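Within every chain, numbering begins at 1; the chains are lettered A, B, ... in the order of the sequence lines, protein sequences first and strands thereafter. Values in this document were obtained by computation on a predicted structure and should not be read as measured data.
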Amino acid sequence: MRPLDGIRVLDFTNHAAGPYSSLMLGLLGAEIVRIESRARLDIQRRPHPVYGRFDVPNFDYLAGGKKSITLDLKTDTAKAIVRELVEVSDVAVENFRPGVMDRLGFGWEVLHELNPRLCMLSLSAYGQDGPHSGRPGYAPVFAAEGGLGYMTGHADGSPAEIRNLMDHQAGMTAAFVLVSLLEERERSGSGSYADLAAREVAAMLVGESILQALHDGSAMRVGNRHELWCPHGVYPVRGEDRWVALAVRSDDEWQRLVKVMADPAWCTDDLLGAEARLARRDEVDARVAGWTAAQDAEELVQELQHAGIAADLSMTAADIIRDPHLRERGAVTTLHHPEYGERATVGAPWRFVDADVAYDRWSPDLGQHNEEIICGLLGHSAEELQRWMDQGAVR
Amino acid sequence: MSDYPLSGLRCVEMSERGSAAFAGKLLHRMGAEVVKVEAPEGDPLRCRGSLRHESGGRTTTAAFDYFNDGKTVEVVGARARLAELVDGADIFVLDLELDRYEAWGLSVDGLRDLGARVVCALTPFGLSGPYAQFRGPEIVESAYGGMSVGIGWPERPPLRMPLMQSAIQGGLVASIAALATVLEPPGDDGPTVVDISETDVWATVHAGTTMVAFLFSNRMRRRAGRRVLGQPYPHQLFRCKDGLVAVQASERHQFQQLVEMVGSPEWMTDRTYGTRMQMNNEHADRIDELLAPWFMARTRRAISEECQRRNIPSAPVHTIAEARDDPALQELGCFETYEGATGVQVTVPRLPLRFTEAGLRPPGPVPARGGTA
């Protein structure tokens, strides 16, 4: 039994942020029905310009465990199928540009009238209304515009590009809103609608900096450093591009680190006290880096952690896949792929003690569940389905 | 219709590392009753977090003020009182490192017996597994979860994500799992314990796509400073007259527009620098040099507006002050002001949630140490 068993989600999303929201609900047990179009393929299904694959890794990840039906939403028949699906669903989620759902005939007012218990969320770049609502948005844009990009980087350098953090943060926030709406429906009996702007999610991630900037204007990049703790950084270890993150959060931990380093002469008593170390941070960092550079990463992490000092390897994808801890917890798991056999993949971000709430199925083929949904769930005949396929409404 | 989406839910939050406090913020502002349990010495985030500030002899941090508005605080010195508070709660969310459980009279095995319908235990490395006892502030979590390795410059160390991103996303994941669980009618199996490792969250939520790409193509994520490798040119931050501007023109039609925008130089389309992948992975520094006169003659705003007009995703890299003053946010009414723990008025982004029916609970003052604002 999973928490969202019995909840059905109509998933009109594409790209990354929207699909991530429904992925989270699916990981909790909801049945996710992707409404797809062969004419306008989800970009995540298209072969990647680099990998050149027929099968797209991101799609496999984001659509894991979902069902797929293929409809031409310009046809009346497909629209009627969607309306029938709305009547038997609990949630609808979409991330088209504002106005598209209305033009398709699936705006909130219409869907709410069809099924008053339906909960719906629209995820867009700048929200459904306002002067910026029509603007396109991609993850790097939100990071740049929202200030998170500016805060990411070394204190003595320029901001760094941070890739796709924003998409999944927006998707997680959407999933949180949707379970909140379901919770509200339990009491009120009625579904409701939420409008989520990714641009505002970006602001949420830097809330403390905005507060500080308004207070005294001091929100600046600090890189790997910490205002109160030293040493606190990512230090080189033996091997090419191998690094260990290490944080000393008290004098007690400092003394334990000194012991692990075998009491080097430079660790004098005048480095006791965080303020003393912070005052000589460049020197401390250089000394620690000089010491770690000769160490084996895995042995060093074990030794430091057993001494009570927070430290771990800066992991690559290859490290993550073979990591025994992540494997044991199910954060990395192995699934049977119909074409490639046993393959590792990432799991769910939670572990329910005594319950199986995890990533357990690959992504669907395009239209793989047409028959199951249209005939099995909605009760149409095989002849009707064939006719609609011949007409191109289901394709 | 109820007042707020989560009206009627009762939650207890115990936070020493921020993630439970962020979960508490989400639940509280959505309408749940949230009791924040603190030791007599207070939540460590009151004074141990980054961006500390002081006023009137009181100390707080920006993160504490941001994560804790409007909550009710109970100062708890004994396990019995903690058990009393948690018993009968819908959600108990805590983020203690495992070696702190004993100090609170808690044990991992005893979490189910506390009497809450769902217990969400956030830890750096989880409640179980070979490294469960490991310690991990944000810098360690970001590194171990596979995020840091791709951020920064190749000749310098990998970078952690700034501020308290581990806490924010850990709090989000805990809130989702907790709410999904309380949707179920209470079963015969008793309370549910959800074990959330913040490093699992990094590894699955954010490093997940990188990892599946590695599995398919053996490609490793590499640090490339202001650009993203493994994408067609350009996917990066460009230097311009007044700072940096982000431009991503991955799609063919976007690149065509970009070429036109910068004056249609032949070398951009005649394969002088190979395919767009080769342009990005092998020749980007040279191409940036060639484009520099065009970019350096224009401001961030002018470039991003021209890009937007051509449907090329682009935005100025804003400082925090600029992000705060961004007209797009101002028009969305994105900020709210309340009294911080030192008694000073503070302004923060409101939660990014808008509903047709029930709204967000209005912000309230941040509780001072001991529970009074």
Side-chain angles (χ1 to χ4, degrees), chain A residues 3-4 28 51 57-58 61 130 132 138 140-141 144-145 147 149-152 160-161 168 172 175-176 179-180 183-184 187-188 192-195 200-201 203-204 207-214 219 224 227 234 245 247 305 310 312 314-317 320 325 328-329 331 346 349-351 353, chain B residues 1-2 5 30 50-51 62-63 66 129-131 134-135 137 139-140 143-144 146 148-149 157-158 162 172-173 176-177 179-181 193 195-196 200-201 203-205 208-214 216-217 246 248 313 315 317 319-321 323-324 328 331 346-349 352 354-357:
Chain A
L4 296 185
L28 288 161
Y51 317 132
N58 276 4
Y61 170 59
H132 298 282
Y138 287 76
V141 169
E145 206 168 34
Y150 179 79
M151 295 298 287
T152 308
E161 170 60 69
H168 294 179
M172 277 201 288
F176 166 70
V179 287
S180 299
E183 174 62 29
E184 181 189 31
R187 291 189 317 283
S188 71
S192 53
Y193 172 79
D195 166 13
E200 287 187 272
V201 175
M204 178 180 82
E208 61 184 285
S209 285
I210 286 180
L211 186 158
Q212 188 73 14
L214 283 161
N224 287 328
E227 288 87 339
V234 180
Q305 286 282 2
D312 221 315
S314 174
M315 304 262 270
T316 64
I320 288 176
H325 182 74
E328 185 170 316
R329 293 185 52 75
V346 287
W350 42 61
R351 190 163 185 244
V353 177
Chain B
M1 186 60 65
S2 46
M30 291 289 261
S50 302
L51 307 172
Y66 181 45
Y131 308 153
F134 277 17
R135 294 155 186 250
I139 192 170
V140 172
Y144 178 80
S148 299
V149 71
L172 264 169
V173 168
I176 295 165
L179 289 176
T181 306
V193 176
D195 163 12
I196 298 169
D200 283 3
V201 176
T204 58
V205 176
T209 50
T210 312
M211 207 182 78
V212 288
F214 169 75
F216 272 88
S217 61
Q248 178 185 342
V317 177
T319 64
I320 291 295
R324 174 198 64 200
E331 279 153 14
V346 296
T347 296
V348 300
R354 292 160 199 284
F355 306 97
T356 49
E357 302 291 344

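Of the listed residues (A:E200, A:R329, A:E145), the greatest number of heavy-atom pairs within a distance under 4.5 Å of chain B belongs to A:R329. Interface summary for chain A: among B:P313, B:A246, B:P158, the most heavy-atom pairs under 4.5 angstrom belong to B:P158. Contacts with chain B were tallied for A:A247, A:G147, A:S180; A:S180 has the most, counting heavy-atom pairs under 4.5 Å. Most heavy-atom pairs under 4.5 Å with chain A, from the set B:A323, B:S148, B:P157: that is B:P157. Between chain A and the options B:V140, B:T181, B:V201, B:V346, the largest number of non-hydrogen pairs under 4.5 Å is found for B:V140. Among A:A175, A:G149, A:G207, the residue with the largest count of heavy-atom pairs under 4.5 Å with chain B is A:G207. When each of A:N224, A:T316, A:V353 is scored by its heavy-atom pairs under 4.5 Å with chain B, the top score falls to A:N224.
Nearest heavy atom pair, residue B:G129 against residue A:H325, reads C-ND1, 3.5 Å. Residues A:P349 and B:D200 approach most closely at O-CB, 4.4 Å, considering heavy atoms. Between B:A180 and A:L28, the shortest heavy-atom contact is CB-CD1, 3.8 Å. When all heavy atoms are compared, the tightest approach of A:L211 to B:V348 is CD1-CG1, 3.4 Å. Of all the heavy atoms in B:P349 and A:M204, the pair that sits closest is CB-N, 4.4 Å. A pairwise comparison of heavy atoms in A:V141 and B:A315 identifies CG1-CB, 3.5 Å as the closest pair.
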Evaluation steps, side-chain contact (heavy atoms from CB on, under 4.5 Å), between B:I320 and A:M151:
CA-CA 8 Å; B:I320 291 295; A:M151 295 298 287; 3.6 Å; yes
Assess whether side-chain contact (heavy atoms from CB on, under 4.5 Å) is satisfied between B:Y131 and A:E328, documenting all intermediate values.
CA-CA 10 Å; B:Y131 308 153; A:E328 185 170 316; over 6 Å; no
Give the C-alpha distance, both sets of side-chain angles, the deciding distance and a yes or no for side-chain contact (heavy atoms from CB on, under 4.5 Å) between B:I139 and A:V234.
CA-CA 8 Å; B:I139 192 170; A:V234 180; 4.1 Å; yes
Run B:M30 and A:E183 through side-chain contact (heavy atoms from CB on, under 4.5 Å) and show every step you take.
CA-CA 11 Å; B:M30 291 289 261; A:E183 174 62 29; over 6 Å; no
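With rounding to the nearest 0.5 angstrom, the CZ atom of B:F134 is 4.5 Å from the CD atom of A:Q305. Distance CD1/B:I176 to CZ/A:F176: 8.0 Å, rounded to 0.5 Å.
A donor-acceptor pair under 3.5 Å is absent between the side-chain atoms of B:Y144 and the main chain of A:A245, judged by distance alone. Using a distance-only test at 3.5 Å, with no hydrogens or angles considered, a donor-acceptor pair links the side chain of A:R187 to the main chain of B:P5.
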